[in-house]
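Note that ligands are numbered from 1 as they come in the structure, with each ligand's atoms numbered from 1 the same way.
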Amino acid sequence: MCGIFGCHSQQSQNLVEQTLQGLKILEYRGYDSAGIAYTIDNQLKVIKSIGDIDQLKQKVINPPTTTTCIGHTRWATNGTVSVKNSHPHLSTDSSIAVVHNGIIENYQQCVEFLTKHNIKLKTPVDTELIPNMLYLLSHNKHNIHQYLQGQYVFCATDKQSNSLFLAKKGNLPLYIGRSLQTIYISSDTLALPQTVTHIIAMEDMETCEVFDHQLQFYSNGQPITKSWQSFNQSFIASDKNGFATYMEKEINEIPAIMERIINTYRKDSTIIRLINQTRTQFKQTKCIHLCACGTSYHAALILAKIIERDLHMRAIAHISSELTTTTLLNEPAIAIVISQSGETADTLSAMDILQQHKIPIIAFCNVTTSTIAKRSQTIFPLLCGPEIAVASTKVFCAALLVGCLLIKDYNTISCGNFIENTTKTLQFARKILSAPHKIPHRIFIIGKDINHVLALEAALKIKEVTYLHCEGYPANELKHGPLSMVDDNTLSIVFGDDATNASAEIQARGGKVIIIPTPNYQSDPLAFIHQIIPAQIFALDLALTLGNNPDKPRNLAKSVTVL
Ligand code: GLU
C-alpha cells in the first residue's frame, strides 16, 4: 500500500503538477494523508496534508517549476494519521526527503544506531529512519539494504544534487518510466503519463541513482546494467465513463469482460496451449492448492468446489497468510494463486512456501506485469482492465470464469446466452435491490454450498463499503447460534431457493429477508458467476445512502503490499 510518485528532468518543468496528477491516480493505494517535496533554490520545500490528494492540492498554491519532485499517498502502518507523520520525511539537517512504501522491521536497532550519532527522530514513523540513514551513509548509500530489514521501496531526493535515489528490498513494486525529457518513478505503471515510452522495474536488493536523464543501478551494492522495456500507456485512469463512482462503472463492465474472456480463452492460440498444458499437469498431480486473500480467496473457495465436482480431485483453498509449511502435504501438487494486482504481499509470502515445496505455480492475475505474474510458471490473465475501486467486483467474476474455463471446456455454453444472462442479472439487481429505507443494525447473508461462498463474498463487499456489521453464513447453521441476534433491526439476504427454512426462521423473528433466486443452472451452468452482481449493487447503493465513498472505503487500500 502507499503510492510513491516522483519525477526528475534536466530542465525546470511543471513537475509539481505532474506529481499531484500521478498521486491522484495512485490514490487507490492509500488516502489517509499525502505530501510532496520539491527542490527550489537548493532547498527542499515540503507540503503535507491529511486526507486525500484533493486536500493536498488545496495547500499547493502557485507551485514553481522545478527539476525534481517526489510525492506520496499514505496508508499508515507505523504511527497515526497526522500531517507530521505523513511523507515525505526529512533527515535531521533537512537536506534529504524520502517517500516510502513498506515497513522497516528493525526499527529499534536503527533508532539505537541513529542515537549513537546524536540523531533524534521527530515522529514514530519508520520512514523517518531512511533519510537519516542516508544522511549518515552519505557516499555509501548503495549499501543501505545492509542496514534496513523488512520489505520496502523508497524514493529520496536531496537539496543539492537534484537527483533521485531509489531502493527496493522484497516484493513491493516500483517502476521507472522515461519520456523524452523526464524520468518518472511510480508504484504502478497506471500512473505513468502517456508520454512515457520505456520502463524498468526495480528488483529485490537494488538501488538506483537517477541524474541527468541517466540511471545507474546497483544490486547488493555492486553496479549493474539494466535495459529499458518499451511501454505504451493506453489507459486514461480518471475516466469514470459517465458513472458517478468507479465501483458502479466496474460492475457495469462485467458483461463485456465476460465476453472478452470467453472469446479470448476459446480463440487465442497461446491461451489454448496454456490451458491444454495445465490440464495435462492437473492429470499428473494429486492435489490443487489455491491461495489468495479477500475477494480472491472467495473465488478460490468456489473454484476448489468446482475442481472437486468436475475433476474429482482434491482441491484446497487457503487464505494466503494462513498457509504454513505444515499445511502442505508432501504429495504431488499444483498451486493456483489469485490476485488482482499481482502484488499482494501475503500471497507472495505464500508463494515462497509453495516454492520451497517445489510446487509449480499458476497465477490468475489482472496485472500481468506484476511480481506474482513474474514469479509464476504459468499466467492466466483476467482481462479486466484497471480496477480502481478498492472493493473488487469485476475481477471476482473474471477469476471465476477464467478458473471454470480452465477446469472444463463448458462447450455447451453459448457465449451469447451467458452474456445475456449476466446483463439480465445486472438489470434485475437494479430493479429489486436498492438500499433499504431503514438502515439495519446487522445483516446476515446466507446460502448453501456455492451460494454460501457467494454469501461470504457479498458480506465482505457490504462490510468494505458500508462499515455495517454483516456476516455470511451457511443457511442451516444460522439456527445453531447466530439466530439469537435476529430481530426487527436485522436484514437477511438469501442466495438461492434452497434456504427456505432459514428464511422462514428469520422472518418469524421479525427479520426482513431479500431473496436472490437460484438461476436456471440447466440453461446457464455458470450462472453463479453473475449471481454476485445483485449483492455488489446492493453494497454500492447502501454505501451511497450512508454517505460513504464506495471507491475509497475508510482504513482500506487496494493492492495490499504490506504483510
Ligand atoms: N510504514 C510507512 C508508514 O506508516 C509506510 C506504510 C505503507 O507503505 O503502507 O507511513
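We find that K116 and E112 are not joined by a salt bridge, their nearest charged nitrogen and carboxylate oxygen being 4.0 Å or further apart. Here E206 does not pair with K168 in a salt bridge; the nearest charged N to carboxylate O distance is not below 4.0 Å. The pair D54-K24 counts as a salt bridge, with a side-chain nitrogen and a carboxylate oxygen less than 4.0 angstrom apart. Under the 4.0 Å criterion applied to side-chain N and carboxylate O atoms, E27 and K552 are assigned as salt-bridge partners.
Looking at T80, D126, N78, D32, it is D126 that brings a heavy atom closest to atom 2 (C) of ligand 1. Comparing A76, G102, A557 against atom 5 (C) of ligand 1, the shortest heavy-atom distance belongs to G102.
Close approach of ligand 1 to V125 is summarised as follows: ligand atoms under 4.0 Å from at least one heavy atom of the residue are 3 (C), 10 (O). For ligand 1 and W75, the ligand atoms under 4.0 Å from any heavy atom of the residue are 6 (C), 7 (C), 9 (O).
The proximity of N101 to ligand 1, defined as any non-hydrogen pair under 4.0 Å, involves the side chain as well as the backbone. Contacts between N85 and ligand 1, counted as non-hydrogen atom pairs separated by less than 4.0 Å, are absent for every part of the residue.
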(request) For H142 and F165, run side chain to side chain contact (heavy atoms under 4.5 Å, CB included): C-alpha distance rounded to whole Å, both residues' side-chain angles, the deciding distance at 0.1 Å, then the answer. (result) CA-CA 9 Å; H142 291 287; F165 178 76; 3.4 Å; yes
